[in-house]
S.K.: 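Structure below; questions to follow.
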Amino acid sequence: MTQRSERTTDPAGPLDHADRVDSATEVFVAHRNLLFTVAYEMLGSAADAEDVLQETWLRWADVDLATVREQRAYLVRIVTRQALTRLRALGRRKESYVGTWLPEPLLTAPDVAEDVELADSVSMAMLLVMETLQPTERAVFVLREVFDLPYDEIAEAVGKNPAAVRQIAHRARAHVAARRPRGVTSPAEARAALAAFQRAVETGDLQRFLDILAPDVVALSDGGGIRHALLRPIVGADKVARLLAAGWWRRDAERSVEPVQINGGPGLLVRVNGEIDGVVAVRIENGYITGAYHVRNPEKLSRVEHETTVSR
């Protein structure tokens, strides 16, 4: 006697199921840039942010959209929870990282710089400040200060009550305020400073570096143990100028530098023998360079050839 196999089918029918998947996809795509930005600001890694988005999509695809009142808030809640899980795992990975860990740089469109708060939040300097926060503090800070989410929505995303979230937000805000860059630079000053820095890099002229570097400038570089890089930060105009004038590439190589927007701010794309060798993002305050972040780890350079969209 032949037994009939029992299969679970969608009672609404395959066409209705397809419609629901299409609707879920449409909503997810509409919010994708926002979700990527949330994940990236929490993680400092585009590759990990993309993994988080994939995990978010898999969970979102199983949701009955008819039960969701606020789709944006629901998606942000999923991506935040997934990013928190990934962030805790990343913390363990960074403990064994060779040399200085820097965020994965993004080539961004010029219009990102026009949104001052967004550009500041994705900048190398701010991402490094956020690295000093605890995972939940970082999530709360990003969701409140960058995306201006209500405390009750943040509470659902991080698994805390609204009163606790308010306290965490206050603590994180104070922590960041004590460490974030304070100087103000106009777009014209930033362009002039980057142009001066580019000329100094191209010529290797020590005095040109000294003329554009702030007295307390900090230089960091990330080679990931794959390429030569500084093992610790270098502080002070004289030390940084001499380091840069000596060159971080082989002198017998054909080199070029191109001004670009990196993480919403000024930077240089460095090529050696026609191949991308790294990027240097710079922090500019009051017309002088106060921070230089040089990423050479090839595993972190996949996002510097084509623009990545960030939004809020």
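This chain uses plain numbering: 1 for the first residue, then up along the sequence.
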S.K.: Can you name the nearest heavy-atom pair linking Leu230 to Ala219, along with the distance?
M.R.: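 Heavy atoms of Leu230 and Ala219 come nearest at CD1-O, 4.0 Å.
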S.K.: Taking the six-membered ring for Trp, are Trp60 and Phe28 closer than 6.0 Å centroid to centroid?
M.R.: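 Aromatic pair excluded; centres sit 6.0 Å or further apart.
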S.K.: Has Asn263 got a side-chain atom pairing as donor or acceptor with Val122's backbone, closer than 3.5 angstrom?
M.R.: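 It does hold such a pair.
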S.K.: Show the nearest heavy-atom pair for residues Gly287 and Ala193, with the distance to one decimal.
M.R.: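 Between these two residues, the closest heavy atoms are O-CB, 3.8 Å.
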S.K.: Taking only residues two or more places apart in sequence or in another chain, which ones pass side chain to side chain contact (heavy atoms under 4.5 Å, CB included) with Lys239?
M.R.: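 Scan of Lys239 (side chain to side chain contact (heavy atoms under 4.5 Å, CB included), adjacent residues dropped) gives Ile234.
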S.K.: Between Glu50 and Arg303, is there a side-chain N and carboxylate O pair less than 4.0 Å apart?
M.R.: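 Yes, Glu50 and Arg303 are salt-bridged.
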S.K.: Before you tell me yes or no, could you show the steps for Gln261 and Glu307 under side-chain contact (heavy atoms from CB on, under 4.5 Å), namely the whole-Å CA-CA distance, both residues' side-chain angles and the distance that decides it to 0.1 Å?
M.R.: CA-CA 9 Å; Gln261 284 278 332; Glu307 289 181 359; over 6 Å; no
S.K.: I'd like to know if Val270 and Val201 are part of one continuous hydrophobic network [Ile/Leu/Val/Met/Phe/Trp/Tyr, side-chain heavy atoms within less than 4.5 Å].
M.R.: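 Yes, Val201 connects to Val270 through the hydrophobic network.
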S.K.: Carefully, step by step, assess Arg179 and His175 under the rule side chain to side chain donor-acceptor pair (under 3.5 Å).
M.R.: CA-CA 7 Å; Arg179 293 162 176 80; His175 181 96; 3.3 Å; yes
S.K.: Could you tell me whether the side chain of Asn273 and the main chain of Glu254 form a donor-acceptor pair under 3.5 Å?
M.R.: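 Confirmed, Asn273 side chain pairs with Glu254 backbone.
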S.K.: Report the residues that fulfil salt bridge (Lys or Arg N to Asp or Glu O under 4.0 Å) with Arg72, sequence neighbours left out, ordered by chain and then residue number.
M.R.: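 With neighbours one apart ignored, the set is empty.
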S.K.: Would a hydrophobic clustering, with Ile, Leu, Val, Met, Phe, Trp and Tyr connected at side-chain separations under 4.5 Å, put Met124 with Ile284?
M.R.: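 Different clusters.
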S.K.: Quick check against the 3.5 Å criterion: does Arg59 have a side-chain atom that pairs as donor or acceptor with the backbone of Glu55?
M.R.: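 Checking the backbone N and O of Glu55 against the side chain of Arg59, a donor-acceptor pair under 3.5 Å is found.
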S.K.: Taking Thr185 for the side chain and Asn286 for the main chain, is one N or O donor matched with an acceptor at less than 3.5 Å?
M.R.: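 Looks like yes, one N/O pair under 3.5 Å.
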S.K.: Does Lys300 reach the main-chain N or O of Ser45 with its side chain, forming a donor-acceptor pair under 3.5 Å?
M.R.: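 No; judged by distance alone, with no hydrogens or angles, the pair does not exist.
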S.K.: Using side chain to side chain donor-acceptor pair (under 3.5 Å), reason through Asp216 and Tyr288 one step at a time and then give a plain yes or no.
M.R.: CA-CA 10 Å; Asp216 57 350; Tyr288 291 93; over 6 Å; no
S.K.: Taking side chain as C-beta onward, heavy atoms only, is Asp238 less than 4.5 Å from Phe209?
M.R.: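 In short, these two side chains do not touch, never coming nearer than 4.5 Å.
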S.K.: With no hydrogens and no angle check, is any side-chain donor or acceptor of Arg81 less than 3.5 Å from a backbone partner on Glu156?
M.R.: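 Flag set: sc Arg81 to bb Glu156 pair under 3.5 Å.
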S.K.: Has Gln198 got a side-chain atom pairing as donor or acceptor with Ala195's backbone, closer than 3.5 angstrom?
M.R.: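 Answer holds: no.
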S.K.: Minimum heavy-atom separation for Ala83 to Leu43, with atom names?
M.R.: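 Answer, listing the atom of Ala83 first, then Leu43: O-CD2, 3.5 Å.
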S.K.: Checking Glu285 against Thr290 for the side chain to side chain donor-acceptor pair (under 3.5 Å) test, could you report, in this order, the C-alpha distance in whole Å, the side-chain angles of both residues, the deciding distance, and whether it holds?
M.R.: CA-CA 6 Å; Glu285 299 179 63; Thr290 57; 2.8 Å; yes
S.K.: Which heavy atom of Ala47 sits nearest a heavy atom of Glu104, and at what distance?
M.R.: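 Taking Ala47 first and Glu104 second, the nearest heavy atoms are N-OE1, 3.1 Å.
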S.K.: Count the heavy atoms belonging to other residues, nucleotides or ligands that lie under 6.0 Å from CD of Glu117, then report whether that count exceeds 12.
M.R.: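 It does not: Glu117 CD has 12 such atoms or fewer within range.
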S.K.: Any luck finding a side-chain donor-acceptor pair between Asp222 and Tyr97 under 3.5 Å?
M.R.: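 Checked: Asp222/Tyr97 side chains pair up, N/O donor to acceptor below 3.5 Å.
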S.K.: Is the count of non-hydrogen atoms from other residues, nucleotides or ligands lying under 6.0 Å from Phe147 atom CZ greater than 12?
M.R.: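 Correct, the count exceeds 12.
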S.K.: So does Arg199 pair up with Asp205, basic N to acidic O under 4.0 Å?
M.R.: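 Here Arg199 does not pair with Asp205 in a salt bridge, since their nearest N and O are not under 4.0 Å apart.
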S.K.: Taking only residues two or more places apart in sequence, or in another chain, which ones meet Val146 in a side chain to side chain contact (heavy atoms under 4.5 Å, CB included)?
M.R.: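 Only Glu41, Ser121, Arg312 meet the side chain to side chain contact (heavy atoms under 4.5 Å, CB included) criterion with Val146.
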S.K.: Going by distance alone, is a donor N or O of one side chain under 3.5 Å from an acceptor N or O of the other, for Asn161 and Tyr151?
M.R.: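 Distance-only check fails for Asn161 and Tyr151.
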S.K.: Side chain to side chain donor-acceptor pair (under 3.5 Å) for Asp48 and Tyr40? Distances and angles first, verdict last.
M.R.: CA-CA 8 Å; Asp48 286 291; Tyr40 176 74; over 6 Å; no
S.K.: Mark yes or no for whether Arg227, through its side chain, and Asp277, through its backbone, hold a donor-acceptor pair below 3.5 Å.
M.R.: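 Judged by distance alone, yes, a pair lies under 3.5 Å.
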S.K.: Could you check whether any side-chain N or O of Thr309 sits under 3.5 Å from a backbone N or O of Asn33, counting only pairs where one atom can act as donor and the other as acceptor?
M.R.: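 No, Thr309 side chain to Asn33 backbone: no donor-acceptor pair under 3.5 Å.
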S.K.: If you compare all heavy atoms of Ala155 against all heavy atoms of Val165, which two are closest, and at what distance to 0.1 Å?
M.R.: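 Where Ala155 meets Val165 most closely, the heavy atoms are CA-CG2, 3.6 Å.
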S.K.: Can you name the closest pair of heavy atoms from Val280 and Ala292 and give their distance?
M.R.: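 Shortest heavy-atom separation between Val280 and Ala292 comes out as CG1-CB, 4.3 Å.
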S.K.: So, the side chain of Arg296 versus the backbone of His228: is there a donor-acceptor pair under 3.5 Å, distance only?
M.R.: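 Side chain of Arg296 to backbone of His228, a donor-acceptor pair under 3.5 Å: yes, one is there.
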S.K.: With a distance cut-off below 6.0 Å to the six-membered ring centre and an angular limit of 45° from the axis, does Arg77 pair with Tyr74 as a cation-pi contact?
M.R.: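 Judged by the rule, Arg77 and Tyr74 form a cation-pi pair.
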S.K.: Within the 4.5 Å heavy-atom criterion, are Val282 and Tyr293 side-chain neighbours or not?
M.R.: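 Sidechains of Tyr293 and Val282: no contact.
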